[in-house]
2 protein chains.
Amino acid sequence: MSTIKDVASIAGVSIATVSRVVNNGPKVGNKTRDKVLKVMAEIGYTPNANARALVKKKNTTLGVVIPALNDPFFASLANGVERIARDKKQHMLLSTGGFSCESELNAINLLIEQRCESMVVHSKKLADETLIELSKKVPGIIFIDRIIPGIEERCIWLENMEGGKIAARHLLALGHANFALLNSNFDIEDPNLRRKGFVETIENANSVQAIIQEINHEPTLKGGEMAAQQLLSLNKPFSAVFAYNDAMAIGAISVLEDNGIRIPEDVSVIGFDDVLLSQYSRPKLTTMHYPIENMAENAAKLAIEFGNNSASKNDFKHRYIPSLVKRESTSSCLD
Amino acid sequence: MSTIKDVASIAGVSIATVSRVVNNGPKVGNKTRDKVLKVMAEIGYTPNANARALVKKKNTTLGVVIPALNDPFFASLANGVERIARDKKQHMLLSTGGFSCESELNAINLLIEQRCESMVVHSKKLADETLIELSKKVPGIIFIDRIIPGIEERCIWLENMEGGKIAARHLLALGHANFALLNSNFDIEDPNLRRKGFVETIENANSVQAIIQEINHEPTLKGGEMAAQQLLSLNKPFSAVFAYNDAMAIGAISVLEDNGIRIPEDVSVIGFDDVLLSQYSRPKLTTMHYPIENMAENAAKLAIEFGNNSASKNDFKHRYIPSLVKRESTSSCLD
DNA sequence: TTGAAAGCGCTACCAC
DNA sequence: GTGGTAGCGCTTTCAA
């Protein structure tokens with residue numbers, strides 16, 4: 001691949017001049033500029049971003065860490081970040097962190113090696129202290145979907161407990177009293193918070209004798225199916241299901257329907273996340289809207305500002321509340 | 001951020017020695033190694049990948065270009081590439097190419113600037129000649145989901161026409177004679193090829209008087225809804241629908257059902273791609289399986305081999321044929 | 001086993 | 001307007 005030297009020598013100018021025209025620098029004669037441009041086109045010169053980053057001590061690369069790509073929730077996250085990257089003429093380096101401590105740390109280190117000045121990181125496994133350490137080392141790092149005491153200004157998060165409460169209130173208002181909670185078995189905070197909000201709200205309600213059966217599984221379509229199967233085998237009555245996410249909800253619905261249970265006539269189901277899929281499932285899924293794409297956009301903007309040391313502190317929203325999207329999978333309890 | 005010099009001076013050794021321990025180089029005394037390691041940990045040293053890439057004239061970065069992230073089909077593609085990247089200890093740089101010539105070229109150039117030695121590119125808009133030019137400049141570039149005459153060894157593609165044929169044969173075998181083709185209105189080759197295979201097969205069949213109505217829309221859920229709406233308003237009989245992709249198929253099903261048409265009792269619907277969603281739609285979608293993740297993995301391996309000049313030509317599969325996945329959305333024509 | 005030094009491709013500063 | 005050149009952080013000879 002050709003270098004700036006090649007261009008310079010063919011065009012008969014110095015590399016300084018070539019650099020100026022490449023960077024649209026000022027003070028370049030028109031004929032010189034044209035000549036250089038012509039040579040660049042002829043030999044197909046493309047500047048080396050590594051060399052540039054090295055001398056400028058700065059990248060045009062925005063890093064993202066998500067657990068995996070093939071999950072619509074994380075795809076939306078990445079998509080939000082990507083949009084901002086494009087807006088700000090940055091590139092996006094994506095690194096998947098999987099679901100373990102080590103791989104999350106690896107993914108982040110990779111971005112640091114590339115000297116991404118800004119990064120949006122979705123980490124659930126790493127300890128608070130590790131992340132705080134990291135936040136000191138990398139000024140432009142922002143943690144999404146997590147709240148870390150002490151560095152809240154570097155975090156963007158959703159109030160999971162609120163989500164549980166809102167879902168419970170909705171189901172309670174519909175007259176349900178026998179609940180099933182199909183929760184994630186991942187060892188992270190979110191399922192606990194959602195459960196807490198859900199359970200507390202129900203227990204504080206005056207409905208006599210509300211019961212809640214909880215079953216934990218992988219937060220996937222498959223996991224939802226298995227959880228529903230298990231729920232059915234328990235053989236206890238329930239008229240409302242709160243699933244950890246839309247995937248579980250839809251998996252559960254499919255098993256429930258296969259067993260002759262009508263949604264929402266016999267059982268109401270509510271999901272979480274509001275991924276695209278939930279609008280197209282049958283029945284359309286009632287769910288808690290998680291504004292992840294919007295959050296990701298803000299995280300990316302914040303990361304870039306922090307990376308530039310230009311964070312304007314005040315005008316950023318860090319805390320988001322999910323909202324109920326009422327569709328077709330929930331209805332009044334007919335018992 | 002600290003550099004190799006910092007480590008060297010604190011540890012009281014030369015930068016050459018530090019470099020050796022960082023790279024697990026040979027011939028480093030044990031105490032020296034330990035001392036250096038200790039300093040690195042203390043000051044939180046992370047090697048600068050840009051500097052490294054500059055001198056080695058080589059990256060550990062595998063580039064990918066896809067149109068967008070928030071489409072499950074492309075997410076699968078990226079996921080396949082990512083898996084191989086991880087296997088081969090490479091990083092993945094993702095660049096979105098959108099749906100225009102300029103943005104596709106931008107996306108590719110970005111990867112070239114970063115000097116990715118290997119890249120998997122999904123380009124539908126750029127001309128063959130441009131891509132051939134590119135393939136000369138970048139030895140490790142592989143084009144996925146496209147076949148470019150002259151550089152077939154650098155391409156991995158699916159036989160779209162075959163897909164259309166197989167879908168048609170399936171529907172014909174079920175006794176259908178009145179067809180609707182809900183095709184993509186994108187100006188690329190795929191919809192044309194799928195149509196060609198579909199239409200030819202039907203016309204060559206001996207069924208008297210087969211009719212095919214074609215409607216074009218965006219290849220999305222929304223587009224499928226609109227296409228179905230339009231189809232209904234045509235007021236002509238049809239008992240089988242071949243959609244450009246699963247999203248359109250599912251969008252169409254939702255409109256059809258809203259209009260009291262039962263799937264598959266009244267109308268059979270077949271999709272294309274076999275994205276995860278199609279397993280969980282109701283009814284479960286009959287579709288053409290597009291082994292995109294597998295293709296992407298192979299593309300990534302190929303890209304890495306070509307990037308290393310070590311392409312072992314013969315043992316790579318370049319041409320893929322879609323296969324029918326029979327689920328619940330198609331059945332015999334009862335008319 | 002270790003160090004000195006050249007040089008990767010580029011930007012930015014200083015001369016002219 | 002243009003050229004010369006130091007130096008970004010690192011790897012890799014070559015010597016010692």
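Below, chain A is the first sequence line, B the second, and so on; all start at residue 1.
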Legend entry - Whole-Å distance separating the CG atom of Asn59(B) from the C1' atom of dC10(D): 14 Å

Legend entry - Any Lys125(A) side-chain heavy atom under 4.5 Å of Ser100(A) side chain: no

What are the atom names and distances for every N/O pair under 3.5 Å that joins the protein to nucleotides 2-5 of chain D?
| residue | atom | partner | partner atom | Å |
| --- | --- | --- | --- | --- |
| dT2(D) | OP1 | Thr32(A) | OG1 | 2.5 |
| dT2(D) | OP2 | Gly29(A) | N | 2.5 |
| dT2(D) | OP2 | Thr32(A) | OG1 | 3.3 |
| dG3(D) | OP2 | Ser14(A) | N | 3.0 |
| dG3(D) | OP2 | Ser14(A) | OG | 3.2 |
| dG3(D) | OP2 | Thr17(A) | OG1 | 2.6 |
| dG3(D) | N7 | Arg20(A) | NH2 | 3.4 |
| dG3(D) | O6 | Arg20(A) | NH2 | 2.5 |

Inset, instruction - Check every strand shown and say whether Thr3(B) touches a base, only sugar-phosphate, or nothing at a heavy-atom separation below 4.0 Å. - result: sugar-phosphate

Inset, instruction - Let me know which of Ile15(A), Thr17(A), Val22(A), Val18(A) forms a side chain to side chain contact (heavy atoms under 4.5 Å, CB included) with Val7(A). - result: Val18(A)

Legend entry - Spacing of Leu69(A) atom CG and Ile66(B) atom CD1 [to the nearest 0.5 Å]: 7.5 Å

Inset, instruction - For atom CD of Glu189(B), decide whether the heavy atoms of other residues, nucleotides or ligands shown that lie under 6.0 angstrom number more than 12. - result: no

Legend entry - Basic-acidic side-chain contact under 4.0 Å: Lys301(B), Glu305(B): no

Inset, instruction - Taking heavy atoms of chain A and a 4.0 Å limit, find me the 5'-most and 3'-most nucleotide of DNA chain C within that range. - result: dC8(C) to dC13(C)

Inset, instruction - Apply salt bridge (charged side-chain N to carboxylate O under 4.0 Å, His left out) to Arg83(B) and list each qualifying residue two or more places apart in sequence or on a separate chain. - result: Glu293(B), Glu297(B)

Inset, instruction - Within residues 43-52 of chain B, find the residues that approach DNA chain D with a heavy atom at under 4.0 Å, and present them sorted by residue number. - result: Tyr45(B), Pro47(B), Asn48(B), Ala51(B), Arg52(B)

Inset, instruction - Return the set of residues passing salt bridge (charged side-chain N to carboxylate O under 4.0 Å, His left out) with Arg52(B) (not counting sequence neighbours), or none when no residue passes. - result: none

Legend entry - Reported CZ-to-OG distance for the pair Arg86(A) and Ser95(B), which is rounded to 0.5 angstrom: 9.5 Å

Legend entry - Separation of dC8(D) C1' from Lys5(B) NZ (nearest whole Å): 8 Å

Inset, instruction - Please list, chain by chain and in numerical order, all residues satisfying salt bridge (charged side-chain N to carboxylate O under 4.0 Å, His left out) with Lys38(B), sequence neighbours excluded. - result: Glu42(B)

Legend entry - Side-chain touch Thr96(A)/Asn79(B), heavy atoms, less than 4.5 angstrom: no

Legend entry - Phosphate OP1/OP2 of dG9(D) contacted by Lys57(A) side-chain N/O (<4.0 Å): yes

